[in-house]
Chemist: 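This is the structure, below, for whatever I ask next.
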Amino acid sequence: ISSKMKTCLRILFSIIVITTVGFLMLPPNRETSGLLKGGVGNLERRLPDAIILGVMKCGTITLGTILGMHPDIATPGWMEIKFFSYSWLYQKGVEYYQRLMPLARPDQLVLVKSPFVFQSPNISITLQRHVDTLPDAKVILVVKNPIDRVVSD
């Protein structure tokens, strides 16, 4: 198992433990999350290491918010970045997308949520944009029973 995967598993386990015992931790300010450990010298904006995809009403924002509470994960202040969903945003280029990322230490995982993927008129184009731009990113796919989704709407 790679060191990043070990870190992901450790983070996920610690979040499960925290939520099981009912401990609530407020998320850090996303622009200063790197200050919590390691200072400001090595902070940079880089493309995501992991991206959350999911259908509507399945808890993707909650998942991203909870994961973003961990000091080894950097998330943008607003989890949903619609870069891949709209052609006019995607045409601005990867440099534009990278400027939307949080400041992160080299040892932090950068995590974002990509909304509207499964609601877009052409899902294959939206997913291909993800693959072209983030070929090495890990994908967290969250789904929900369609009947439960109807009830929650």
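None of these values were measured; they are calculated from a predicted model. Just so you know, residue 1 is the first one in the sequence shown, and it goes up from there.
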Chemist: Is a donor on one side and an acceptor on the other found under 3.5 Å between the side chain of D72 and the backbone of Q108?
Modeler: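 Here the side-chain-to-backbone pair does not exist.
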Chemist: According to a 4.5 Å side-chain heavy-atom criterion applied to Ile, Leu, Val, Met, Phe, Trp and Tyr, with indirect links allowed, do F116 and L134 form part of one hydrophobic cluster?
Modeler: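 Linked, F116 and L134 end up in one cluster.
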Chemist: Check R45 against Q98 and note the closest heavy-atom contact, atom names and distance.
Modeler: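 Heavy atoms only, the tightest pair is O-NE2, 2.7 Å.
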Chemist: Rounded to the nearest 0.5 Å, what's the gap from CG on L141 to OG1 on T60? Could you check?
Modeler: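 The CG atom of L141 sits 10.5 Å away from the OG1 atom of T60.
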Chemist: Roughly how far, to the nearest 0.5 Å, is CG of L67 from CD1 of I52?
Modeler: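 These two atoms lie 5.5 Å from each other.
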Chemist: Contact between V55 and C58 at the side-chain level, heavy atoms closer than 4.5 Å - yes or no?
Modeler: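 The answer is yes, as the side chains (C-beta and beyond) meet within the 4.5 Å cut-off.
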Chemist: Which atom names give the shortest non-hydrogen contact between P76 and L111, and what distance separates them?
Modeler: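 Taking P76 first and L111 second, the nearest heavy atoms are CD-O, 3.3 Å.
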Chemist: Could you state whether L127 and F83 fall into the same hydrophobic cluster, counting links through intermediate Ile, Leu, Val, Met, Phe, Trp or Tyr residues with side-chain heavy atoms under 4.5 angstrom apart?
Modeler: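 L127 and F83: one cluster.
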Chemist: Between atom CG of D49 and atom CD1 of I73, what is the distance when rounded to the nearest 0.5 Å?
Modeler: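 Spacing of CG (D49) from CD1 (I73) equals 10.0 Å.
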Chemist: Do any N or O atoms from the side chain of R46 and from the backbone of R105 form a donor-acceptor pair under 3.5 angstrom?
Modeler: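 Looks like yes, one N/O pair under 3.5 Å.
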Chemist: Tell me whether I81 shares a hydrophobic cluster with I125, the cluster being built from Ile, Leu, Val, Met, Phe, Trp, Tyr side chains joined at under 4.5 Å.
Modeler: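 I81 does not cluster with I125.
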Chemist: Keeping S114 on the side-chain end and I51 on the backbone end, is there a donor-acceptor pair under 3.5 Å?
Modeler: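 Judged by distance alone, no pair lies under 3.5 Å.
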Chemist: Restricting to non-hydrogen atoms, name the atom on A74 and the atom on A104 that form the minimum distance, rounded to 0.1 Å.
Modeler: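 Between these two residues, the closest heavy atoms are CB-CB, 3.7 Å.
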Chemist: Which heavy atom of T126 sits nearest to which heavy atom of F84, and what is that distance?
Modeler: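 So the minimum-distance heavy-atom pair works out to CG2-O, 3.6 Å.
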Chemist: When you measure from the centre of the six-membered ring of Y90, is the NZ or CZ of R129 under 6.0 Å away and within 45° of the axis?
Modeler: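 Yes, a cation-pi geometry holds between R129 and Y90.
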Chemist: Between atom CG of L100 and atom NZ of K92, what is the distance when rounded to the nearest 0.5 Å?
Modeler: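 L100 atom CG to K92 atom NZ measures 8.5 Å (nearest 0.5 Å).
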Chemist: Can you name the closest pair of heavy atoms from L53 and F118 and give their distance?
Modeler: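 Heavy-atom minimum between the residues: CB-CE1, 4.2 Å.
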Chemist: Is there a donor-acceptor pair closer than 3.5 Å between any side-chain N or O of E44 and the backbone N or O of P106?
Modeler: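 Not at all, since once roles are kept as given, no pair shorter than 3.5 Å links the two residues.
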Chemist: Are the side chains of L63 and I140 in touch, meaning some heavy atoms are under 4.5 Å apart?
Modeler: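 Sidechains of I140 and L63: in contact.
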Chemist: NZ of K113 to OG1 of T65: how many Å apart, nearest 0.5 Å?
Modeler: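 Output value for this atom pair is 10.5 Å.
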Chemist: How close do L47 and V110 get, heavy atom to heavy atom, and via which atoms?
Modeler: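 Nearest pair, atom of L47 first, then V110: O-CB, 4.2 Å.
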Chemist: Check whether any side-chain heavy atom of I61 lies under 4.5 Å from a side-chain heavy atom of E80, and answer yes or no.
Modeler: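 Result yes, sub-4.5 Å side-chain heavy-atom pair found.
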Chemist: Checking H130 against V117 for the side-chain contact (heavy atoms from CB on, under 4.5 Å) test, could you report, in this order, the C-alpha distance in whole Å, the side-chain angles of both residues, the deciding distance, and whether it holds?
Modeler: CA-CA 10 Å; H130 283 85; V117 172; 3.7 Å; yes
